[in-house]
Amino acid sequence: MMDKAYYQVIDYLKRGIIDKTFTLGDKLPSERELSEQLGVSRNSVREALRVLEIMGVVQSHQGAGNYVTDDFEKNLVETMSMMYALNKINDRQVSDYREALETKAYVLAMEHITKEELAEMRLHIQKIEETGDDKEKAYWDKMFHYTMVRASRNWMLIKNIEALNQIIDVFILNMRDAILETYGAKLLQDAHRQMVEAMEERNLEKGLQALNHHFKYIKDSLQREKVNKNV
């Protein structure tokens, strides 16, 4: 029977984080200390630490030990990329998921966004219009949306969007290519401007309408890409 002692180590460290014995940035006990304290082999300790590192809970520093971290988007990226590779999700589902996250983020950002963040979003719109390079347009468009999500002040939304952006950038090249064809278009830029104007006016209905239009344009570009592939 396979040795599952590493589960004991994972459970111990998980409970330690929950009860604040170990907090963000803390150095964990050494492999030897954990082995002796829990009565398990050092191999089991190493295996548990590897699992926690993949999950984004622990970060190993060569020669310095293991530390509590919060790199959870790493685990989200790994999970979503495998789901995409195994055809469990497709481009349209990724777009729908992003829309759901950003819609809630926009509602929260309407309450919390600062003048400085609104100025950032306007600068991103300007950058999209000024550059003739599609990749740069995509970058500034992404920064526009990330600034809005960050203004939600919701850690879970921010981490999910960060992970999703990595999936789109690294794994879903055809989705990025399809959207690039729409970036910079007048209708999309109008939607961006209306989203910012609505935030300045604290007009949620106007803002959500602009956001809905924005994602409609993206869905249309994905649909055109799908049709072109089938021709």
Side-chain angles (χ1 to χ4, degrees), residues 71-74 76-77 80 91-92 94-222 224-225:
D71 189 18
F72 297 113
E73 65 266 29
K74 175 183 177 181
L76 287 170
V77 168
M80 286 193 286
D91 297 354
R92 178 58 183 267
V94 170
S95 180
D96 288 343
Y97 181 49
R98 178 188 166 198
E99 182 178 6
L101 292 176
E102 290 201 19
T103 298
K104 183 60 180 178
Y106 188 85
V107 172
L108 295 173
M110 182 71 75
E111 302 175 19
H112 303 295
I113 198 164
T114 64
K115 290 182 179 179
E116 290 76 16
E117 287 167 329
L118 285 168
E120 279 185 56
M121 292 175 73
R122 286 202 174 278
L123 177 62
H124 298 151
I125 293 172
Q126 180 182 338
K127 292 289 187 180
I128 293 170
E129 293 174 338
E130 289 177 347
T131 183
D133 183 84
D134 284 343
K135 289 185 178 180
E136 284 190 32
K137 287 181 186 293
Y139 170 77
W140 291 114
D141 186 277
K142 183 169 67 175
M143 292 305 298
F144 173 91
H145 289 272
Y146 178 70
T147 302
M148 181 268 289
V149 173
R150 188 182 64 202
S152 73
R153 307 292 185 260
N154 185 294
W155 184 86
M156 285 294 292
L157 286 171
I158 294 168
K159 290 297 180 182
N160 272 274
I161 284 294
E162 288 177 351
L164 191 60
N165 279 336
Q166 291 184 57
I167 292 296
I168 292 173
D169 287 343
V170 178
F171 298 99
I172 312 179
L173 300 178
N174 56 323
M175 179 176 178
R176 176 63 78 199
D177 290 342
I179 296 173
L180 279 175
E181 293 180 4
T182 307
Y183 282 168
K186 183 180 185 302
L187 289 176
L188 196 64
Q189 284 295 79
D190 286 346
H192 286 154
R193 276 189 285 270
Q194 288 164 14
M195 286 165 63
V196 175
E197 289 171 3
M199 283 184 164
E200 291 170 338
E201 299 165 6
R202 293 297 189 265
N203 187 333
L204 182 59
E205 182 178 356
K206 175 181 176 180
L208 289 178
Q209 185 178 45
L211 186 65
N212 288 338
H213 286 161
H214 176 277
F215 279 103
K216 179 183 181 300
Y217 305 144
I218 291 178
K219 289 173 186 176
D220 288 347
S221 70
L222 291 175
R224 285 196 299 272
E225 178 74 6

Please determine whether a side-chain nitrogen of the Lys or Arg among K206 and E197 lies less than 4.0 Å from a carboxylate oxygen of the Asp or Glu. yes
With no hydrogens and no angle check, is any side-chain donor or acceptor of R98 less than 3.5 Å from a backbone partner on L164? no
Who pairs with E205 by side-chain hydrogen bond (donor to acceptor under 3.5 Å, both in side chains), at least two apart in sequence or on another chain? none
Under 4.0 Å between a Lys/Arg side-chain N and an Asp/Glu carboxylate O for D133 and K137? no
Between Y106 and G207, the two heavy atoms sitting closest are OH-CA, 3.1 Å
Roughly how far, to the nearest 0.5 Å, is CZ of R150 from OG1 of T114? 8.0 Å
Sort out for me which residue in H145, E99, Q194, E102 forms a side-chain hydrogen bond (donor to acceptor under 3.5 Å, both in side chains) with H214. H145
The side-chain hydrogen bond (donor to acceptor under 3.5 Å, both in side chains) partners of E200 (sequence neighbours excluded) come to R122
For F144, give me all partners under ring-ring contact (aromatic ring centres under 6.0 Å, His included), at least two apart in sequence or on another chain. H192
Answer yes or no: are there more than 12 heavy-atom neighbours, outside K104 itself, under 6.0 Å from its atom NZ? no
Can a donor-acceptor pair be found, under 3.5 Å and without considering hydrogens, that links the side chain of T147 to the backbone of M143? yes
Which atom of M80 lies closest to which atom of Y97, heavy atoms considered: SD-CE2, 4.1 Å
Interatomic distance, I167 atom CD1 to L76 atom CG [nearest 0.5 angstrom]: 9.0 Å
If we check ring pair (Phe, Tyr, Trp, His ring centres under 6.0 Å) with H124, which of these qualifies: W140, Y146, Y139? W140
For the side chain of Q189 and the backbone of I125, is there at least one donor-acceptor N/O pair under 3.5 Å apart? yes
